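Scroll down for the structure; my scribbles are underneath it.
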Amino acid sequence: MALELDTPHGPARVHLHPVDKPKAALVLGHGAGGGFGARDLIATTKVANDLAITVAQVEQPYLVAGRRSVAPTKQLDAAWISVLGQLRDDALSGLRIIAGGRSSGARVACRTAQEVGAIAVLCLAFPVHPPGKGDDPTKSRLYELDSAGVPTLVVQGESDPFGMPPDGPGRLVVHVPGNHALRNTGPVAEAVSGWLASLV
């Protein structure tokens, strides 16, 4: 089931994967390249549904409009916050919200977790720094991960060129075989399933 929701930066599209008698809702954002065909997102959606968690996959307005280049950070965050507010008032009313996403979508989920009232954040392939920039502290995005302020799971490929975040207060980092694409979905599903089960 797909919904089109207006945001300050154009319409976003939400693909709902509901379950009967949901225990919570997982709202997922996509990577900068866009789309929910990524194997880790498909596996995460299935795992969540199997645990009686409704999943909402949010396509950012730039993707809905057919643009390839990712929108600026402030636009991504504003659109996400708008969509989650509308989902809370309607399709996901009364449900606890777990925010998450892969890569760019994980960054958005972390930056906005407090504002949207998420109980936890799920990060798939969090891009700690641009490839080759691990030695430049000015390029680090670790502060975004730290800002989530709620229990956080990071599932990261052992050879991800975007870096490996450390564990931190309330943050579990699971190393899985592979790189940024997280194509080996078995270990990803296992990590996500155990963590989600502990929340609900």
Side-chain angles (χ1 to χ4, degrees), residues 5 7-15 26-45 48 55-85 87 97-116 118 120-134 136 138-150 152-157 159-165 171 173-174 176 178-183 185 188 191-192:
L5 301 178
T7 81
H9 301 287
R13 186 176 295 122
V14 179
H15 301 274
L26 174 62
V27 184
L28 291 172
H30 52 77
F36 285 93
R39 293 182 189 177
D40 54 346
L41 288 171
I42 293 170
T44 296
T45 297
V55 178
Q57 300 173 336
V58 179
E59 283 186 47
Q60 285 276 355
Y62 79 90
L63 193 66
V64 175
R67 295 192 295 273
R68 289 187 178 182
S69 56
V70 67
T73 297
K74 288 184 179 179
Q75 290 185 19
L76 294 174
D77 291 358
W80 178 261
I81 290 165
S82 174
V83 167
L84 264 74
L87 290 173
I97 301 290
I98 303 158
R102 73 163 275 110
S103 197
S104 171
R107 294 178 65 194
V108 174
C110 286
R111 291 192 301 258
T112 61
Q114 297 293 313
E115 187 160 353
V116 302
V121 173
L122 169 60
C123 299
L124 302 169
F126 187 91
V128 182
H129 55 72
K133 301 292 184 181
D136 184 349
T138 66
K139 300 296 185 182
S140 174
R141 297 149 179 165
L142 192 58
Y143 68 94
E144 295 180 344
L145 196 53
D146 291 338
S147 73
V150 292
T152 302
L153 172 68
V154 182
V155 182
Q156 202 82 351
S159 57
D160 193 328
F162 289 85
M164 179 66 68
R171 179 169 71 232
V173 179
V174 177
V176 298
N179 55 24
H180 197 66
L182 295 180
R183 289 193 177 94
T185 57
V188 174
V192 170

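Since this is a predicted model, take the numbers as computed values, not measurements.
Here Leu28 contributes atom CG and His15 contributes atom NE2; the two are 12.0 Å apart, rounded to the nearest 0.5 Å. Between atom CG of residue Leu142 and atom CZ of residue Arg171 there is a gap of 5.5 Å, rounded to the nearest 0.5 Å. We find the OG1-CG distance between Thr185 and Leu124 to be 11.5 Å, quoted to the nearest 0.5 Å.
When every heavy atom of Ala125 is checked against every heavy atom of Leu182, the shortest pair comes out as N-CD1, 3.7 Å. Contact record, Gly10 with Pro61: O-CG, 3.5 Å, taken as the closest heavy-atom pair. In terms of heavy atoms, Val121 sits closest to Cys110 at CG1-SG, 3.9 Å. For Ala191 against Leu153, the heavy-atom pair with the smallest separation is O-CD2, 3.8 Å. The minimum heavy-atom distance between Ser104 and Ala32, with the atom names listed, is CB-N, 3.6 Å. The two residues Gln156 and Val128 have their closest heavy-atom pair at NE2-CG2, 4.4 Å.
Side-chain contact check for Met164 versus Val173: some heavy-atom pair is nearer than 4.5 Å. The shortest side-chain heavy-atom distance between Val83 and Gln60 does not fall under the 4.5 Å cut-off. Side-chain atoms of Ser82 and Leu5, non-hydrogen and from C-beta on, never get closer than 4.5 Å to each other. Within the 4.5 Å cutoff, the side chain of Phe126 has no heavy atoms near those of the Asp160 side chain. Looking only at side-chain heavy atoms (C-beta outward), Pro130 and Arg141 come within less than 4.5 Å of each other. Residues Val27 and Trp80 are in side-chain contact: their nearest non-hydrogen atoms beyond the backbone lie under 4.5 Å apart.
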Review item, side-chain donor-acceptor pairs of residues 34-43, under 3.5 Å, at least two apart:
{"unit_1": "Asp40", "atom_1": "OD1", "unit_2": "Arg102", "atom_2": "NH1", "d": "3.3"}
{"unit_1": "Asp40", "atom_1": "OD2", "unit_2": "Arg102", "atom_2": "NH1", "d": "2.4"}

Requested in this report: Give the C-alpha distance, both sets of side-chain angles, the deciding distance and a yes or no for side-chain contact (heavy atoms from CB on, under 4.5 Å) between Arg111 and Thr73.
Outcome: CA-CA 10 Å; Arg111 291 192 301 258; Thr73 297; 3.2 Å; yes
Requested in this report: Determine, step by step, whether Ile97 and Leu87 satisfy the side-chain contact (heavy atoms from CB on, under 4.5 Å) criterion, reporting the C-alpha distance in whole Å, the side-chain angles of both residues, the deciding distance to 0.1 Å, and the verdict.
Outcome: CA-CA 10 Å; Ile97 301 290; Leu87 290 173; over 6 Å; no
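The ring-ring contact (aromatic ring centres under 6.0 Å, His included) check on His180 picks up Phe162, with sequence neighbours excluded.
With hydrogens and angles ignored, the 3.5 Å screen pairs a side-chain donor or acceptor of Gln114 with a backbone N or O of Ala148. Checked by atom type and distance alone, the side chain of Thr152 pairs as donor or acceptor with a backbone atom of Val150 at under 3.5 Å.
For Glu115, the CD atom counts as loosely surrounded, since its 6.0 Å shell holds 12 or fewer non-hydrogen atoms of other residues, nucleotides or ligands.
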